Amino acid sequence: MIQINAQLFLIIFITVFLSACVTKPQPSSIRDVCSIFHENPSWYQAAKRSVEKRGGNVHVPMAIIYQESSFKSKARPPKSKILGFFPGKRASNAYGYSQALKGTWSDYKRDTGKRSAKRGDFADSFDFVLWYMDKSYQRNGISKWDGYSQYLNYHEGHTGFKRGTYNNKSWLLKTAKKVDARANRYASQLVTCSSELDKKKRGWF
């Protein structure tokens, strides 16, 4: 009996371990935040926990993650081309859903005490984005509902935003407008499904 229980425990442990190692696939419909959360209910729970802790909202961080990685857990900047053919270095060490840089991610872990946080984990990445948005509010007075200015802070850094480094980057200003527009669409979509998602969450406990 003891041997059987030990074998059963080993099977369960291996199954759980292998499941944890499997890369989370990109959601099938990333333009619809309701579809994203219905497909990944744990993401909605994680997002709500972060908002309850840090304040703000769900739709702006989700729009930023869409822009940064299209919800791909292992996203990286493309490699440059040497002589137009040979692969060179990547533009930065950004990685994961939030495309956080190693240095900024280390600041996040140190500030929050989340030593095991991973850039390829959605819950950690969403919390990172909201943490950074909170810093943008504290340092530059940017509302967490202002997707346009929040994205400019996220892309240029808090010091860069203060200096107005984005002013000579017309492509970035257009991108920030797209992020803001997507955040507004996500907000409208959430109105139609948040009650249902909340009911599912309550039903699991």
Side-chain angles (χ1 to χ4, degrees), residues 13 15-27 30 33 36-37 39-77 90-147 149-161 179 183 186 190 194 197-198 200-202 204-205:
F13 175 81
T15 301
V16 172
F17 177 78
L18 290 176
S19 297
C21 293
V22 174
T23 301
K24 192 74 172 178
Q26 180 189 35
I30 61 175
V33 73
I36 292 172
F37 285 140
E39 194 172 330
N40 300 277
S42 63
W43 287 13
Y44 181 73
Q45 294 182 64
K48 292 287 284 186
R49 284 196 299 269
S50 290
V51 169
E52 288 168 4
K53 181 178 180 180
R54 304 189 187 283
N57 56 75
V58 172
H59 56 274
V60 173
M62 289 294 283
I64 290 176
I65 292 173
Y66 175 102
Q67 182 60 42
E68 292 299 286
S69 69
S70 298
F71 298 97
K72 295 176 182 177
S73 63
K74 293 186 176 182
R76 295 177 184 272
R90 299 184 189 277
S92 72
N93 57 33
Y95 179 77
Y97 291 105
S98 63
Q99 288 295 280
L101 298 172
K102 282 184 178 180
T104 314
W105 191 260
S106 295
D107 291 341
Y108 164 73
K109 292 200 295 183
R110 182 169 54 252
D111 192 43
T112 61
K114 294 185 176 183
R115 303 290 183 182
S116 61
K118 295 179 176 61
R119 290 184 288 174
D121 179 88
F122 176 83
D124 292 333
S125 294
F126 184 95
D127 192 62
F128 168 83
V129 174
L130 201 52
W131 168 83
Y132 198 91
M133 288 172 58
D134 192 45
K135 299 295 183 185
S136 298
Y137 170 71
Q138 294 174 17
R139 298 177 184 179
N140 291 332
I142 305 301
S143 168
K144 296 175 187 176
W145 275 259
D146 183 353
S149 297
Q150 280 287 350
Y151 185 72
L152 291 178
N153 269 267
Y154 196 83
H155 191 277
E156 297 295 277
H158 299 123
T159 301
F161 181 84
V179 171
Y186 276 174
L190 281 169
S194 57
L197 290 166
D198 285 330
K200 285 185 177 181
K201 180 180 177 180
R202 287 195 295 271
W204 291 331
F205 290 92

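All figures in this text were calculated on a predicted structure; none of them were measured in a lab. Along the sequence shown, residues are numbered consecutively beginning with 1.
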Once you round to the nearest 0.5 Å, how far does CE of M133 lie from OH of Y151? 13.0 Å

What's the verdict on side chain to side chain contact (heavy atoms under 4.5 Å, CB included) for H59 and M62, showing C-alpha distance, side-chain angles and the deciding distance? CA-CA 5 Å; H59 56 274; M62 289 294 283; 5.7 Å; no

Hits for side-chain contact (heavy atoms from CB on, under 4.5 Å) against A100, two or more places apart or cross-chain, chain-then-number order -> S98, W105, R119, F128

Side chain to side chain contact (heavy atoms under 4.5 Å, CB included) between F161 and I142: does it pass, once the steps are laid out? CA-CA 11 Å; F161 181 84; I142 305 301; 3.8 Å; yes

Tell me whether Q150 contacts the main-chain N or O of S136 through its side chain, where contact means a donor paired with an acceptor under 3.5 Å. no

Nearest heavy-atom neighbours spanning Q99 and E68: CG-O, 3.2 Å

Across all chains, not counting sequence neighbours, the side chain to side chain donor-acceptor pair (under 3.5 Å) partners of R115 are none

Look at the aromatic rings of W43 and F122 and report parallel, tilted or perpendicular, splitting at 30° and 60°. parallel

Set of side chain to side chain donor-acceptor pair (under 3.5 Å) partners for Q67, sequence neighbours left out: none

Taking side chain to side chain donor-acceptor pair (under 3.5 Å) as the definition, give me every residue that meets it alongside D121, ordered by chain and number, with sequence neighbours left out. none

Pairing donors with acceptors under 3.5 angstrom, does anything connect the side chains of D124 and Y97? no

Does K102 NZ have over 12 foreign heavy atoms under 6.0 Å away? no

Could you work out, with side-chain contact (heavy atoms from CB on, under 4.5 Å) as the rule, every residue matching R54, not counting sequence neighbours? Y108, T112, D127, L130, W131

If you round to the nearest 0.5 Å, how far is NZ of K118 from OG of S125? 11.5 Å

Okay, side chain of S143, backbone of W145: is any donor-acceptor separation there less than 3.5 Å? yes

Any residue meeting side chain to side chain donor-acceptor pair (under 3.5 Å) with E39, in chain and number order, not counting sequence neighbours: S28

Atom CG of D107 and atom NZ of K135: how far apart are they, to the nearest 0.5 Å? 9.0 Å

